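Below: the structure, in structure tokens.
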Amino acid sequence: MASERYNAPVREKHWQQVWEERETFRTQDKSKKPKRYQLEMFPYPSGRIHMGHVRNYTLGDVMARYMRAKGFNVLHPMGWDAFGLPAENAAMERKVHPRKWTYENIDTMRAQLKAMGLSIDWEREFATCNPDYYVHQQRLFLDFLKKKLAYRKTAKVNWDPVENTVLANEQVIDGRGWRSGAVVEQRDLTQWFFRITAYAEELLQALDGLQATWPDFVCTQQRNWIGKSTGANMQFALEGGKLSKKLATLEVFTTRHDTIFGASFMAISPEHPLAAHLAQKSKELAAFVEECRKIGTSEEALAKAEKKGFDTGIVAIHPFKPDVKLPVYVANFIVMGYGTGAIFGCPGHDQRDLDFARKYSRPVIPVVLPPGADPATFSIGAEAYVGDGTLINSEFLDGLAIEAAKDRIASLLEERGIGERKVNYRMRDWLLSRQRYWGCPIPVIHCEKDGIVPVPVEDLPVKLPEDVTFDKPGNPLDHHPTWKHVKCPKCGEPAVRETDTMDTFVDSSWYQFRFTAPHAAKPTDSKALKYWAPVDQYIGGKEHAVLHLLYARFFTRGMKATKHVDFDEPFMSMFTLGIVVHETYRSENGDWLTPAEVRFEGDGPTRKAFSTSTGRPVEIGAIEKMSKSRRNVVDPDDIVANYGADTARLFIVSDSPPDRDIIWTDAGVAGAGRQIQRISRLIDDVVERKCSKDVKAPAFGPDAQTLRRIAHKTLNNVGQNIEALRYNVAVAQIYELTNALSSALSKSGEGLDWAIREAAELLVQMIGPMLPHLGEECWARLGYNTMLADQPWPEADPGLLVDDVITIAVQVNGKRRDELTVARTATSDEIEAAALELEPVVRALAGRPVKKVIVVPQRIVNVVG
RNA sequence: GCGGGUGUGGCGGAACGGUAGACGCAGUGGACUCAAAAUCCACCGUUCGCAAGGACAUGGGGGUUCGAGUCCCUCCACCCGCACCA
């Protein structure tokens, strides 16, 4: 009898309601169970959830539900990264207050996420734009300020002309704002910074400990971003140009102090103070500096630009060879932001210096001899030699290895007081101020007399004013008629509030700790934190490798220094997921079409697309990340409404490994939908067959035994694969079990009914983490009035994981010729003897004598002849 | 330029150094239908062969090994990150 079609959308609502009524996913702060903190990067409430969210939270939910079943006390919370510029843009475009816009979006998205059937404890939900949250962030800021981890300075900063605010270095991608895409300008401004550089070494070192549980590329990118280089600072005395005492010494940073005898010029950045000083007297130099500034916008253009220099006429005296005078150039390839903004040029062993030296006819002196090269004939051609070797042409360094020479020079520099060993980092301090309204106010007051005065803790939170206007460019907090005017907490005289707000990445740098005690009176609650933190498994997008993930690591250290936490790393284990991509479609006139606006004819290479409205041909374009601009988006709501959340979840976890990109296709979704129906039917058939497990295990015939082995092996493998986040493999194994169960249903045999019932129950429990609604449905159909979500993960019977009889392959000279079925306990000799008897083996040997037989019991036989 | 990653059928992808292509999608043939949908059964890397059975196959080339998709060397392609960082 055909069973009824499983009406997922209706039944899913039912089970979601049951979970809610029973408070199935309420977190227990007190428990004897081991804890597990599962977290996915919380969403920005942009309006509606997209497939990226669906993927992220599905992946996390499978793990959370599995861990629950495995007996862990699980914390799996959800919140909103709710501050940010889009809310202000909406305010400007639609005349709606950012708060209203944000909270409406949160309501919409919360409902969407709930429809996904996530095992979230919604009691712990918070939004970072709520003063209940940001008051704690302001406390943290004041503590950081006290520890000098937050400070204010004037510096060249990245200005995003579209967002009308400054950006941190990490937020500038290829010279453009990470969100606006606008070419970033450099401006001298006084801004707030976090002293992330104080932790550069620690952040770098600790990556070694994360290596095993974080993706390689994230660790590598963070290492590169921190950019440690070990070298030396070296001072050169200058001659000529009537320089002040301060300017008459030029300090450079180098990692190749061993090559000092190969120096043939000096180069300084156009932004170097010496260049600025000299430009005052030289119109030509001033023009050159201006020219460099103009090119200096795009980093890529900068890298390709021809090396150019301007001879200042000043010379530097070689520190170890006073008769050698090195001309000082202002050069366009020296950046002020790194080292000291000045170098000594050693053309023999640095490609940039060589390019420069050839252009300006400076001598090229080789000072490192490659191993095996002849010192009499070795010379530098078009390429600098950067490899290993022995020092030559370097007086007292001659014959030394590079490292020894570096050491010798560094010691001499230190002895003579003209330099020292020095470690440089590429990473800059984190610029945290933003000239925007919709962010956490920086809780300080500027007083003419007392300078920067922290807002007293009892006056927190510094709340955002509600009555703001967005009709003028610039920061609405600055325009507000009264908000910023306050009395100095110290002297009582009129003063002004800081009108900058914090980078929203600050909000997301510590939210993971707030979830452990979301209603605590302090930023963290030490008891709750001790129990729950750190996050055991964190899941999120690849794009945060050096943004959020680096900031959060720094912030945790800052919170340790200010005694809010007592550990260094926020996320024990990190997993980065791939993006959801989809085909793109373009009409004849070049407009992007949504997948819903396209219909298809044929398939494979002959597949063609047509517009549903005009019937005209449509060009099928590249498969790209789902985006509004390409219109290649599929609304999760449509999938949930048509197929149900379980189908969306199943499509997400099957086929593609979670860390790779997943191509969203209608066919794939339909296929996942069919699997849901198939499992539903299968359970109906089992129920109809009235299979019972009430009696103790009966005797099992061969079919029953086979099914039991498959079921228990699958159980074992699925568990392992879920733990390793290899969900696609786990799904494939579950399918194999459904296939086995399905074919068992057409048979009868000793103990088979019992085995079928057992396999069906195991199957239902295994689909629980991925297909929670269908799981509950089937669990109920099997006659249980308990919740599947409350069931412990079943234990596989170890006796069923190993086979009595094993089929092993038989190779001749490494090529498979036959297979052999033997008892698991068969000895090597028995296997060898049996293998040599096989007709295909005899034939393949073609009369040649057997030289050797390799027998790997339970695996393979290889006959070498 | 430097660093990281990926490369397996028409497609997504499986494979402790041990039977390559599990599982799914697409496809082909068939059953059930008046018909369609749904469902079920069979086939499904290339190639030679009626078949039995061979040969060739994991980006290319070499190597280690009884045995390599897997380890080593080298080259190629694509993706990502950083990029005149001294």
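Chain A is the first sequence line, chain B the second, and so forth, proteins listed ahead of strands; every chain is numbered from 1. Note that the structure is predicted; figures quoted are calculated from it, not measured. FYI, side chains are in, hydrogens and waters are out, and symmetry mates aren't considered; it's all heavy atoms of this structure.
When both distances must be under 3.5 Å, the Watson-Crick or G-U wobble mate of B/rC56 is B/rG45. Here B/rA68 sits opposite no nucleotide as a Watson-Crick or G-U wobble pair (both hydrogen-bonding atom distances under 3.5 Å). Base pairing of B/rC78 is made with B/rG5, judged by Watson-Crick or G-U wobble geometry with both donor-acceptor distances under 3.5 Å. Pair check for B/rC32 finds none; no Watson-Crick or G-U wobble contact set falls under 3.5 Å. Using N1 to N3 plus N6-O4 or O6-N4 for Watson-Crick, or N1-O2 and O6-N3 for G-U wobble, each under 3.5 Å, B/rG10 pairs with B/rC25.
Listed nucleotides: B/rA86, B/rG12, B/rC40. Nearest to the side chain of A/Arg678: B/rC40. Side-chain proximity of A/Arg817 to the nucleotides B/rG24, B/rU19, B/rG54 is greatest for B/rG54. The side chain of A/Arg843 lies closest to B/rG53 when the candidates are B/rG53, B/rA26, B/rA86. Side-chain proximity of A/Ala732 to the nucleotides B/rU19, B/rC25, B/rC23 is greatest for B/rC23. Of the candidates B/rG81, B/rG24, B/rC84, the closest approach to any side-chain atom of A/Gln221 belongs to B/rG81. Looking at the side chain of A/Thr220, the nearest of the listed nucleotides B/rG13, B/rA86, B/rG4 is B/rG4. For A/Val729, the side-chain atoms get nearest to B/rA14 when compared with the rest of B/rG5, B/rA86, B/rA14. Across B/rA83, B/rA86, B/rC56, the shortest atom-to-atom separation from the side chain of A/Lys815 is found for B/rC56. Relative to the side chain of A/Val856, the nucleotides B/rC23, B/rU6, B/rG18 differ in distance, and B/rG18 lies closest. Distance from the side chain of A/Phe217 is smallest for B/rG4 among the nucleotides B/rG13, B/rG3, B/rG4.
Across all strands, A/Glu736 comes closer than 4.0 Å only to sugar-phosphate atoms, never to a base (heavy-atom distances). Across all strands shown, A/Ile334 has heavy atoms under 4.0 Å from base atoms, whether or not it also approaches the sugar-phosphate. Nucleic acid contact class of A/Pro840 (heavy atoms, under 4.0 Å, all strands): none. Residue contacts for A/Gln675: at a heavy-atom cut-off of 4.0 Å it reaches the sugar-phosphate backbone alone, with no base atom in range. Residue contacts for A/Asn739: at a heavy-atom cut-off of 4.0 Å it reaches the sugar-phosphate backbone alone, with no base atom in range. At the heavy-atom level, A/Thr665 lies nowhere under 4.0 Å from the strands shown. Within the 4.0 angstrom heavy-atom criterion, only backbone atoms of the sugar-phosphate kind lie near A/Ser229; the bases stay farther away.
For the C1' atoms, the distance linking B/rG7 with B/rA42 amounts to 33 Å, nearest Å. With both ends at atom C1', the span from B/rC72 to B/rG54 equals 33 Å, rounded to whole Å. Atom P of B/rC56 sits at a distance of 13 Å from the matching atom of B/rA20, rounded to the whole Å. Annotation: B/rU39 and B/rA26 have their P atoms spaced 10 Å apart (nearest Å). Rounded to the nearest Å, the gap between the C1' atom of B/rC79 and that of B/rG59 is 15 Å. Across B/rA36 and B/rC44, the matching C1' atoms stand 25 Å from one another, rounded to whole Å. With both ends at atom P, the span from B/rA51 to B/rU33 equals 34 Å, rounded to whole Å. Across the C1' atoms, B/rG24 and B/rC73 are found 37 Å apart, a figure rounded to whole Å.
Between A/Arg426 and B/rA83, a side-chain N or O to OP1/OP2 separation shorter than 4.0 Å is present. In this structure, A/Asn332 does not reach the B/rC84 phosphate: none of its side-chain N or O atoms is under 4.0 Å from OP1 or OP2. Note on A/Arg726: a side-chain N or O is less than 4.0 Å away from OP1 or OP2 of B/rA15. Remark: A/Arg681 is in phosphate contact with B/rC40, judged by side-chain N or O atoms under 4.0 Å from OP1 or OP2.
For the atom pair OG1 (A/Thr738) and CD1 (A/Ile767), the distance works out to 10.0 Å, reported to the nearest 0.5 Å.
Going from atom OH of A/Tyr425 over to atom C1' of B/rC85 covers 14 Å, rounded to whole Å. In this structure, A/Asn862 atom CG and B/rG18 atom P are separated by 13 Å, rounded to whole Å. The nearest whole Å value for the distance from the CG atom in A/Asp355 to the P atom in B/rA86 is 16 Å. For the pair A/His349 NE2 and B/rG1 P, the interatomic distance rounds to 22 Å; values are reported in whole Å. With rounding to whole Å, A/Gln222 atom CD is found 14 Å from B/rG4 atom C1'. Distance CZ (A/Arg256) to P (B/rC85): 14 Å, rounded to an integer number of Å. Between the OH atom of A/Tyr735 and the C1' atom of B/rG13 there is a distance of 13 Å, rounded to whole Å. Remark: C1' of B/rC2 and CZ of A/Arg223 are 15 Å apart, rounded to the nearest angstrom.
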- Query: Could you walk me through whether A/Glu624 and A/Asn632 pass the side-chain hydrogen bond (donor to acceptor under 3.5 Å, both in side chains) check?
  - Reply: CA-CA 8 Å; A/Glu624 294 183 52; A/Asn632 58 339; over 6 Å; no
- A/Ser229/A/Tyr338 under side-chain hydrogen bond (donor to acceptor under 3.5 Å, both in side chains): CA gap, chis, key distance, verdict: CA-CA 11 Å; A/Ser229 38; A/Tyr338 187 78; 2.4 Å; yes
- Should A/Thr197 and A/Asp429 be marked as a side-chain hydrogen bond (donor to acceptor under 3.5 Å, both in side chains) after you check the CA-CA gap, both sets of side-chain angles, and the distance that decides it? CA-CA 6 Å; A/Thr197 53; A/Asp429 275 336; 2.7 Å; yes
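When each of A/Gly341 and A/Val863 is assigned the nucleotide of RNA chain B with its nearest heavy atom, A/Val863 is the one assigned upstream, toward the 5' end. Comparing A/Arg674 and A/Gly814 along RNA chain B, the residue whose closest nucleotide (by nearest heavy atom) sits nearer the 5' end is A/Arg674.
Seen from the ring of A/Phe356, A/Lys307 does not count as a face-on cation partner, given the 6.0 Å and 45° thresholds.
Between A/Tyr329 and A/Tyr360, the distance from one ring center to the other falls under 6.0 angstrom.
Shown here is A/Lys542, whose NZ atom has more than 12 heavy atoms of other residues, nucleotides or ligands within 6.0 Å. Other residues, nucleotides and ligands contribute at most 12 non-hydrogen atoms within 6.0 Å of the CD atom of A/Glu383.
Remark: A/Arg660 does not engage A/Asp655 in a salt bridge, criterion side-chain N to carboxylate O under 4.0 Å.
Side-chain atoms of A/Lys307 and base atoms of B/rC84 include a donor and an acceptor less than 3.5 Å apart.
Base orientation of B/rG5: anti, the glycosidic angle falling outside 90° of 0.
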